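These notes concern the structure reproduced below.
The structure presented is a predicted model; accordingly, all values stated were derived computationally and were not measured. Just follow the structure's listing: the first ligand is 1, and inside any ligand the first atom is 1.
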Amino acid sequence: MTDPALDVITFILTVRSFNANQALDEQDLPPEHRRVFWEGGEIERPIAATTEGIRQATGVERPWDAVSGLMFTERDDFTGAIKLADAAMAESWFFDRVGAEQLQANPTLAYAYADDVDGEVDYEEARAANRSIRADRVWIDSLLAEYFQDEEDEDMLDLVDVRAPEEIEMTLDDLVLTAAQEEEIRKIVKAIEYRDYLGAIGLREIGKLLFVGPPGTGKTTASRALAEELDLPFVEVKLSMITSQYLGETAKNVDKFFEVAKRLAPCILFIDEFDFVAKTRRSDEHAAIKRAVNTLLKSIDEVSLIRDEVLLIGATNHPDELDAAAWRRFDEIVNFPKPDEPMRADILRVVTRQMDISDFDPEEIAAATEGLTGSDLRMVLREAVLEALTENRRTVTQEDLLAAVREFEERDTLRDLDMIDGDHEALVAGGGGHSHEHH
Ligand SMILES: Nc1ncnc2c1ncn2[C@@H]1O[C@H](COP(=O)(O)OP(=O)(O)OP(=O)(O)O)[C@@H](O)[C@H]1O
Ligand SMILES: [Mg+2]
């Protein structure tokens, strides 16, 4: 479907219209176009369609080869920029090939050419539907570069992982959620949408969620998917990291990652391994770490979705270890249980959407996988696919899946073994999974 010449000309016409209309800004450029021009926190006019820029924006490796055969193009030998020798001819070539739909997806072109194509084109709508610049990696990078310039700051950026929504691969569509989880997500989406109203009526204690549940139940994935859904940058912190280096600086580091979040706001601040807080308060940890944890609790009190536009999500595998002080700072607790049988079947259906499976019966596998998490089911699937590939098969069978389930369970038994004192048969080569007669 993609036509390299059309992609290149679309880009060149966009550049041209953007330069010609001062009223347009970065929010009018499609994300793949504007990332080429976003520099130091802005787009400076005039922008130009250089060979490298076209390559980045369109993915066309040899842009000039794609359009040199058209009568209205020319290349500046010195800069390598591709230009239109005859703009009117280029436009009519373009209108022969695109309709309202393509213009609607590009606010700059919608602004410039709404009247030149058949069909309804609405510039305001196109602009509103265009993804926010805040979801772009380049936007996040330029902001971080601006605020965190010296070396010490750069070290601190190692402690947090900032992800752009455009980089998040698994979306809410890829997750099977419980009804209660969906309800919480709906609430938080509304709270963000109506945050001015909530502030006005004095409801400020909103927007701090704690996700609790065993490993592999989707806590991290759901948090990221929420960032993708809401087009918000995702700032991720692992609490155990704050102690791994610069002991004396830990309290300051905690302050800093809240600062990163406030600078990027509106955003999601995800604090993983939240049980770390409780652990350090109980044990005889270094005083610096205790100070850091107290700073953390204080910062959590001070940050607000309504005022700072930071949505805080904590996650833990050990809710039982959290003390009251940590617990009461969250206004919603969201449970991530191990999936029950119907949910396991749904997860299997979702994770196999792109695959070809013969005799696929997700219910049968769900019935055989009591106690497995979403993450475990993914692992089972991966195993089945690899196993089939060893026989050069791209089609996985139901039998492959069931075999992978059995194998997974064996793995699980191995994990529970005491490797030093154990005298379990699986620890002796030739024993384990094979059928022996020594019982
Ligand atoms: N309900 C689910 N639906 C679809 N996929 C799931 C589900 N739960 C887990 N997974 C998959 O399992 C993998 C691991 O999930 P994730 O890392 O989000 O778990 P987690 O709860 O954060 O675990 P941990 O406590 O170890 O950090 C992901 O690839 C995710 O897609
Ligand atoms: Mg996780």
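Counting heavy atoms from C-beta on, the side chains of Trp139 and Ser132 never come closer than 4.5 Å.
The backbone and the side chain of Thr217 each have at least one atom closer than 4.0 Å to an atom of ligand 1 (non-hydrogen atoms only). At a heavy-atom distance under 4.0 Å, only backbone atoms of Asp174 (N, CA, C or O) approach ligand 1.
Residue Asn317 approaches ligand 1 through these ligand atoms, each under 4.0 Å from one of its heavy atoms: 25 (O). Each of the atoms 23 (O), 24 (P), 25 (O), 26 (O) of ligand 1 lies under 4.0 Å from some heavy atom of Pro215. The Gly218 neighbourhood of ligand 1 comprises atoms 8 (N), 9 (C), 15 (O), 16 (P), 18 (O), 19 (O), 20 (P), 21 (O), with distances under 4.0 Å to a heavy atom of that residue. Residue contact check: Leu175 has heavy atoms under 4.0 Å from atoms 2 (C), 3 (N), 4 (C), 5 (N), 6 (C), 7 (C) of ligand 1. Remark: ligand 1 atoms within the under-4.0 Å shell around heavy atoms of Ser375 are 9 (C), 10 (N), 11 (C), 12 (O), 13 (C), 14 (C).
Shortest contact from atom 31 (O) of ligand 1 to any protein heavy atom: Met170 CE, 3.0 Å. Ranking protein heavy atoms by distance to atom 27 (O) of ligand 1, first place goes to Thr220 OG1, 3.8 Å.
In the model, Asp7 has no side-chain atom that pairs as donor or acceptor with a side-chain atom of Thr10 under 3.5 Å. Judged purely by distance below 3.5 Å, without hydrogens or angles, the side chains of Thr369 and Asp376 never pair a donor atom with an acceptor atom.
For residue Thr221, no N/O/S atom approaches the Mg ion (ligand 2) to within less than 2.8 Å.
The closest non-hydrogen atom to atom 20 (P) of ligand 1, taken over Met343, Lys219, Glu169, comes from Lys219. Summarising the contacts of atom 15 (O) of ligand 1 with Ile347, Val176, Thr178, Thr221, the nearest heavy atom is found in Thr221.
Ionic pairing of Lys219 and Glu273 is not present here: no N-O contact between side-chain nitrogen and carboxylate oxygen is shorter than 4.0 angstrom. Salt bridge status for Lys187 with Glu184: present, with a side-chain N to carboxylate O gap under 4.0 Å.
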Begin with the C-alpha distance, continue with both residues' side-chain angles, and end with the deciding distance and a verdict on salt bridge (charged side-chain N to carboxylate O under 4.0 Å, His left out) for Asp301 and Arg329. CA-CA 7 Å; Asp301 281 340; Arg329 286 181 159 84; 2.9 Å; yes
Worked check of salt bridge (charged side-chain N to carboxylate O under 4.0 Å, His left out) between Asp28 and Arg34: CA-CA 9 Å; Asp28 294 299; Arg34 72 184 166 218; over 6 Å; no
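The number of heavy-atom neighbours closer than 6.0 Å to CZ of Arg307, taken from other residues, nucleotides and ligands shown, is above 12. The neighbour count for Glu101 CD, taken as heavy atoms of other residues, nucleotides or ligands under 6.0 Å away, does not exceed 12.
At least one N or O atom of Gly216 sits closer than 3.5 Å to an N or O atom of ligand 1.
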